[in-house]
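What follows is a single structure, written as structure tokens, with notes after it.
Lettering of chains follows the sequences in order, A, B, ..., and the numbering in each one begins at 1. Quick caveat, the model's predicted, so the values are computed rather than measured.
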Amino acid sequence: GQSLEQPSEVTAVEGAIVQINCTYQTSGFYGLSWYQQHDGGAPTFLSYNGLDGLEETGRFSSFLSRSDSYGYLLLQELQMKDSASYFCSFYNQGGKLIFGQGTELSVKP
Amino acid sequence: DGGITQSPKYLFRKEGQNVTLSCEQNLNHDAMYWYRQDPGQGLRLIYYSQIVNDFQKGDIAEGYSVSREKKESFPLTVTSAQKNPTAFYLCASTPGGSDGYTFGSGTRLTVV
């Protein structure tokens, strides 16, 4: 089958660094993506990893290890506005995006 | 500005009624998708279309129907056969490849 596992919630303080892990299981894999969703809003695209390694975009970085079926999203210099749900997702055969259950990040002052 | 417009934002349905959710995009994207999100849950794929006049079932298509007569439009009908339709419905599109999906702002459907 196809599935993604990520922690249901994470709490951190302003200015800190937090890592949200994601493991996946699928027979066809074409890259890992991360999305951010604020409460009641639309998910917004954060990053994509098609190859192993680290991708950096400002305060956010995303990592992929295909041999371990594992990736993570790293958020640095946390701000209150980073409080949101974060979803890892992968593209399977046919280009469909399959989502994990999401990690709710709470940033405390 | 290019984007995806979903309407209405809130929709109430009586038992036994069919309702249609609108999704329009002006991004010139070929592929469009419908997802359902339940409280505290991830997004589950209902239907998707990669080209005009063609669409495929996703993981939870039962009780839903779609059409793709124009590139810009991908409406979703929630039929009376969908026994638990109360949810947040999200439409998305993508040009393909490694580009991310662009989502609409969603329609919150409630059965009354």
Checklist entry - Taking atom CD of A:Glu77 as the centre, does the number of heavy atoms from other residues, nucleotides or ligands within less than 6.0 Å exceed 12? => result no
Item to check | chain A contact via B:Arg44 - side chain, backbone, both or neither, heavy atoms under 4.5 Å | outcome: neither
Item to check | Residue B:Gln41 excluded, over 12 heavy atoms near CD under 6.0 Å | outcome: yes
Checklist entry - Are A:Leu97 and B:Tyr33 close enough that some pair of their side-chain heavy atoms sits under 4.5 Å apart? => result no
Next on the checklist: Let me confirm one number: the CD-OG distance from B:Gln37 to A:Ser85, rounded to the nearest 0.5 Å.
Outcome noted: 7.5 Å
Item to check | Heavy-atom contact with chain A under 4.5 Å, split by part of B:Gln56 | outcome: neither
Checklist entry - Does CD in A:Glu14 sit with more than 12 non-hydrogen atoms of other residues, nucleotides or ligands closer than 6.0 Å? => result yes
Next on the checklist: Between A:Gly40, A:Gly41, A:Gly31, who has the most heavy-atom pairs with chain B when the cutoff is under 4.5 Å?
Outcome noted: A:Gly40
Next on the checklist: Please check if the number of heavy atoms outside B:Asp54 that lie under 6.0 Å from its CG is greater than 12.
Outcome noted: yes
Next on the checklist: Could you tell me if the side chain of B:Tyr101 sits less than 4.5 Å from the side chain of A:Tyr35, heavy atoms only?
Outcome noted: yes
Checklist entry - Which region of A:Glu104, side chain (C-beta onward) or backbone (N, CA, C, O), has a non-hydrogen atom less than 4.5 Å from a non-hydrogen atom of chain B, or is it both or neither? => result neither
Checklist entry - With hydrophobic residues grouped by side-chain heavy-atom distances under 4.5 Å, do A:Phe99 and A:Tyr48 end up in a single group? => result yes
Next on the checklist: Looking at A:Gln79, I'd like to know if its CD atom is crowded, meaning that more than 12 non-hydrogen atoms belonging to other residues, nucleotides or ligands lie closer than 6.0 Å.
Outcome noted: yes
Checklist entry - For A:Ala42 and B:Leu90, which heavy atoms make the closest approach, and how far apart are they? => result CA-CD2, 4.4 Å
Checklist entry - Out of curiosity, does A:Leu75 fall in the hydrophobic cluster containing A:Phe87 (side-chain heavy atoms, cut-off under 4.5 Å, transitive links)? => result no
Next on the checklist: Is B:Leu43 close to chain A through its backbone or its side chain, or both, or neither, when contacts mean heavy atoms under 4.5 Å?
Outcome noted: both
Next on the checklist: Quick check for you: to the nearest 0.5 Å, what is the distance between A:Gln2 atom CD and B:Asp59 atom CG?
Outcome noted: 7.0 Å
Next on the checklist: Would you say the ring centers of B:Phe103 and A:Phe45 fall short of 6.0 Å from each other?
Outcome noted: no
Next on the checklist: Is it true that, when you exclude B:Ile51 itself, more than 12 heavy atoms of the residues, nucleotides or ligands shown sit nearer than 6.0 Å to its CD1?
Outcome noted: no
